[in-house]
Amino acid sequence: MRILKGAPKSVHPFCLFMEHLIKSPFSRIASSTLFLGIIFGLLFFFAPIQVGGRAAFVIISGNSMEPDFRMGDLVVVSKGQNYRIDDAVVYQHPEEGHIFHRIIGQENGKFILQGDNNSWADAHQPTPNEIIGKLWLRIPYGGRVIRYFRSPINLTVLTTVLVIAMSISPKTKGSRKSKRRQNKKQKSMDQDNNVSISKNMEGVIVSGVIAIVALVMGVIAFIRPVDRIVDDNVEYQHLGILIYNAPDPQDIYDTDEIQTGEPVFLNTTCEVRLFFSYHLDSAYMHPDEAAGNFGSYRVTVQISDPNGWNRTIGLSPLTEFVGSGFTAGMNMDLCHIRELITQMEEITETKNNWYDLTILPEVYVVGSVSGRPLEDTFNPKINFEIDENLMRLPRDLDNDGLSALAPTGSGVILGARMAHNAINIFGLAIPIISARWIGSVAFFLALIGLVGFGWPVYQEWRSGAASRIRVQYNPVLVNIEPGNLSTNGQVVNVESFDDLAKLADRYGAMILSETNGSSTKYCVQDGEITYEYVLESSETELVLPGVSSLHQAMLQALELEEFQLYYQPIVSTDDNHIIAAEALLRWFHPEKGLIFPAEFISVAEESDMMDLIDNWVINNACQQLKTWADDDILPVLISVNVSPQRFVQSDFADWVARTIKETECDPRYLQFEINRANAIAGSAIALSHFSILKKLGVRLAIDNFAASTSNQVDSVTRMPVNSLKIDRTLVNQISHTQEDTRLVSAVVKMAQSLELYVVAEGVETEDQMAFLRDHEIDAAQGYLTGRPMPSIEITPMLIEGVVLPNSDEDSDDVP
């Protein structure tokens, strides 16, 4: 028989720890849950818009956004609810496709965009619906990678490599061999426990995934407001149309009159009749609003030449109108216009073939659209050409030249409104309120599932080494009935189960488990070689006691009087005389020895043990006061820590009064220290207890004052305390710097203004003591003034040297 060694001794302990951590079932559960959560998060944030997601991927193919964004970069944009100036966005250009530029302005409900590297704005002004999304993430050179793998050759190579990698598995061959070997041995296998563990582990993973998904949804839902401000713009249009006619005395047209769009020959007529119609139109306008609108208009005609000369003639005077439109008729004398042109030509001795003749309506409208005030102007230009012989429409117009006679203008009344916010998940819009409820309920149910499935796994894990193995390696573990495990051939003992698991993974084999009496044997078979690890019963015992066993041990400690009070002196900074002592709890366990409170108080606070411990400490402190008084020892104050939960018990003050009466101690020398005072400062029951204790003569102190983890300043003014105990963390940091002096001085001044006694905790050096004296702090407690000691040791100190500065009833020298 030979021994197969385990992990080499040269392996760093941290590596071994990480290996064990990774193999822990709870780490595997957390890893699986985290992996699935990451997958869901990636789908949630990066799913393309085309499949109902919120992201779009754009490869930069130009240099208009340099230097921050370069050609070949990949930008990920997310659909936004509102877009603002300076947002970098992607919009769909009707001809050029996706454009990635920055918003520099907004006009009439449209956005003005420009590239960072451009000196001109985009000609196309997209609407909010044309914007795909705003910049969320930039991946340098990510576009080049995508383009590289878009190549058919490169994509084929990548696919081939992935298929080969997935098809090669070191466990495939071994797994087939393992199945053939195990088929002969599974008649007596009992796998009920393994199946149960597997189901529980699966339940934990599913519950964890649901919890992460629900948590993500809940966080997003609670971060986002229930309502959001959305654009609620009201659009409207100015619609104008100009028609004209003129007589045809020479009968050169098909009809008796010259119609709109036809040229007017000056040799046949000079008088042209114009009709200009205007209408304010909006889909949002109510008929009553249309009737209530009003405004004014006038029409002029302007003659100009390419050199800049122009003359303006009024055609219609300033006229008021009521409603959302009007039609105005007017006459235009072409001969008079021609005379003005001829006069200019004779004086300037210049002549043009054609002159511009522009009809200029000026409309001013006031009213409302959809209840919003409107005040706007409409100043279109309707162009004609005129020469010596005729007036006509410009010849460079489109085929439909008459469209130039129907000018339009658009406007927007900007506004906003509150709308219900929603989370868009793969195209499904879930209202924020619903998402909050769904996330909260799902998270709560998932936690129940985690506890329900995880607790049996945890109980199994903590019940012993064999159970931990069963939980950790359940998928590859097979239980064999005693006597059915054959070990013919060579047997190799391994030093640890982890080594055996490595062999099972290497050979693709199952791990056979056989329990016989006080030991459990684990084997991995490979041909004629059997690798074996034996777990003795001593290794299967419970290593760490649970909360329930510690709770039972504390109850037993109370009954067997394993608890004891130690006393740490508190001395006056004036003369170093002991003026008080803090009662500190110690547990002397018959097997484990001295146990400090930090090792068991947290468990006691989580159960009903804290009330019993507080009662025991207070009762023994009162008995000690009575003992010292009977022995004619100078009176010294005993300070006792009482938990906040005991202070809010309804029977606390009455119980203290009975204890004082039964022990016959002097309550003036009993002080209760309150830690986490803010937790009970607002409790009516606690304040009532404070009042009763004050009447009894019991003193009150706030412990750990000015600690970094608790702000108890508010409690000082709300509770009838006598003393403040400055936390040791502040004392440890004090020096003669200005910052420390200012902080300590502030605490002392506040205490003095409230006539409170100040004690500094954790004093360990002479420099600290000198500092306390310099800043008029009343008393000190710490290893410099005396370590915690049993009553038998502190009593001689009290007999030999206790000198109280003032032992009167109302002494201020008692903390």
Quiz item: Does any N or O in the side chain of Ser440 come within less than 3.5 Å of the main-chain N or O of Arg436, such that one atom is a donor and the other an acceptor?
Solution: yes
Quiz item: Within the distance-only criterion (no hydrogens, no angle test), does the side chain of Arg273 pair as donor or acceptor with the backbone N or O of Asn245 below 3.5 angstrom?
Solution: no
Self-check item: Closest heavy-atom pair and its distance - Lys110, Gln125
Solution: CD-O, 3.6 Å
Quiz item: According to the side chain to side chain donor-acceptor pair (under 3.5 Å) rule, which pairs have a member within residues 307-322, sequence neighbours left out?
Solution: Asp305-Asn307
Quiz item: Is a side-chain donor or acceptor of Asp387 paired with a backbone partner of Leu390 at a separation under 3.5 angstrom?
Solution: yes
Quiz prompt | Leu74 side, atom CG; Arg138 side, atom CZ - distance, nearest 0.5 Å | solution = 10.5 Å
Practice problem: Without swapping roles, check the side chain of Asn293 against the backbone of Ser368 for a donor-acceptor pair under 3.5 Å. | Solution: yes
Exercise. Please examine the side chains of His336 and Leu340, heavy atoms only from C-beta on, and report whether any two atoms are closer than 4.5 Å.
Key: yes
Practice problem: Flag the pair Ile243 / Phe276 as yes when at least one side-chain heavy-atom distance between them is below 4.5 Å, and no otherwise. | Solution: no
Self-check item: Smallest separation among heavy atoms of Gly261 and Leu393, with atom names
Solution: CA-CD1, 4.0 Å
Quiz item: Do Phe453 and Ser207 have side chains that get closer than 4.5 Å, going by heavy atoms?
Solution: yes
Quiz item: For Leu450 and Ala211, which heavy atoms make the closest approach, and how far apart are they?
Solution: CD1-CB, 4.4 Å
Exercise. Indicate yes or no: at least one non-hydrogen side-chain atom of Tyr364 is less than 4.5 angstrom from one of Glu375.
Key: yes
Quiz item: Going through the checks in order, is the side-chain contact (heavy atoms from CB on, under 4.5 Å) test met by Leu266 and Asn389?
Solution: CA-CA 5 Å; Leu266 274 64; Asn389 300 315; 6.0 Å; no
Quiz item: Do the side chain of Glu385 and the main chain of Tyr355 share a donor and acceptor less than 3.5 angstrom apart?
Solution: no
Quiz prompt | Results of side chain to side chain donor-acceptor pair (under 3.5 Å) for Asp231 - residues two or more places apart only | solution = none
Quiz item: Does Glu362 offer a backbone N or O that forms a donor-acceptor pair with the side chain of Asn379 under 3.5 Å?
Solution: no
Quiz item: Is the distance between the ring centroids of Tyr297 and Phe326 under 6.0 Å?
Solution: yes
Quiz item: In terms of heavy-atom contacts, does OH of Tyr141 have more than 12 from other residues, nucleotides or ligands at under 6.0 Å?
Solution: no
Quiz item: For Ile258, does its backbone N or O pair with a side-chain atom of Asp248 as donor and acceptor, under 3.5 Å?
Solution: no
Quiz item: Just by distance, do the side chain of Asp73 and the backbone of Ile60 share a donor-acceptor pair under 3.5 Å?
Solution: no
Quiz prompt | Trp437 atom CH2: more than 12 heavy-atom contacts under 6.0 Å | solution = no
Exercise. Heavy atoms only: give me the nearest Phe378-Pro407 pair and the separation to one decimal.
Key: CZ-O, 3.8 Å
Quiz item: If you count the non-hydrogen atoms of other residues, nucleotides and ligands that lie under 6.0 Å from CD1 in Ile229, is the total more than 12?
Solution: no
Practice problem: For residues Lys381 and Gln302, determine if any side-chain heavy atom of one lies less than 4.5 Å from a side-chain heavy atom of the other. | Solution: no
Quiz item: How many angstroms lie between atom CD of Gln237 and atom NE2 of His279, to the nearest 0.5 angstrom?
Solution: 10.0 Å
Quiz item: For the residue pair Met285 and Ser324, what are the closest heavy atoms and their distance?
Solution: SD-OG, 3.7 Å
Quiz item: Would you call Asp86 and Arg102 a side-chain contact if the rule is heavy atoms closer than 4.5 Å?
Solution: yes
Exercise. Give the minimum heavy-atom separation between Ala214 and Ala442, together with the two atoms involved.
Key: CB-CB, 3.7 Å
Quiz item: Should we say atom CG of Asp288 is surrounded by more than 12 heavy atoms from elsewhere, each under 6.0 Å from it?
Solution: yes
Quiz item: If you round to the nearest 0.5 Å, how far is CD1 of Ile103 from CG of Asp122?
Solution: 11.0 Å
Quiz prompt | Ring centres under 6.0 angstrom apart (Tyr244, Phe384) | solution = yes
Quiz item: Is it true that atom NE2 of His93 has more than 12 heavy atoms of other residues, nucleotides or ligands lying nearer than 6.0 Å?
Solution: yes
Quiz item: Heavy atoms, side chains only, cut-off 4.5 Å: are Ile341 and Ile303 in contact?
Solution: yes
Practice problem: Run the ring-centre check on Phe100 versus Phe69 and record whether the distance is less than 6.0 Å. | Solution: yes
Exercise. Answer with yes or no whether the side chains of Ser64 and Asn118 bring together a donor and an acceptor at under 3.5 Å.
Key: no
Quiz item: Are any side-chain N or O atoms of Glu289 and backbone N or O atoms of Ser370, one a donor and one an acceptor, separated by less than 3.5 Å?
Solution: yes
Quiz item: Can you tell me how far the CZ atom of Phe275 sits from the OG1 atom of Thr260, to the nearest 0.5 Å?
Solution: 9.0 Å
Exercise. With sequence neighbours left out, write down each residue that passes side chain to side chain donor-acceptor pair (under 3.5 Å) with Asp232, or none if nothing qualifies.
Key: Arg372
Self-check item: Nearest-0.5 Å distance, OG of residue Ser410 to CG of residue Asp281
Solution: 12.0 Å
Practice problem: Name the orientation class of the two ring planes belonging to His238 and Tyr236 (parallel below 30°, tilted from 30 to 60°, perpendicular beyond 60°). | Solution: perpendicular
Quiz item: Under the side-chain contact (heavy atoms from CB on, under 4.5 Å) criterion, do Leu315 and Thr300 qualify, and how do the steps go?
Solution: CA-CA 5 Å; Leu315 298 180; Thr300 58; 5.8 Å; no
Quiz item: Should the ring pair Phe265 and Tyr253 be called parallel, tilted or perpendicular, given that the plane angle runs from 0 to 90° and is split at 30 and 60?
Solution: tilted
Exercise. First locate atom CZ of Arg84, then atom NZ of Lys134, and finally report the distance between them rounded to the nearest 0.5 Å.
Key: 6.5 Å
Practice problem: Flag the pair His101 / Gln114 as yes when at least one side-chain heavy-atom distance between them is below 4.5 Å, and no otherwise. | Solution: no
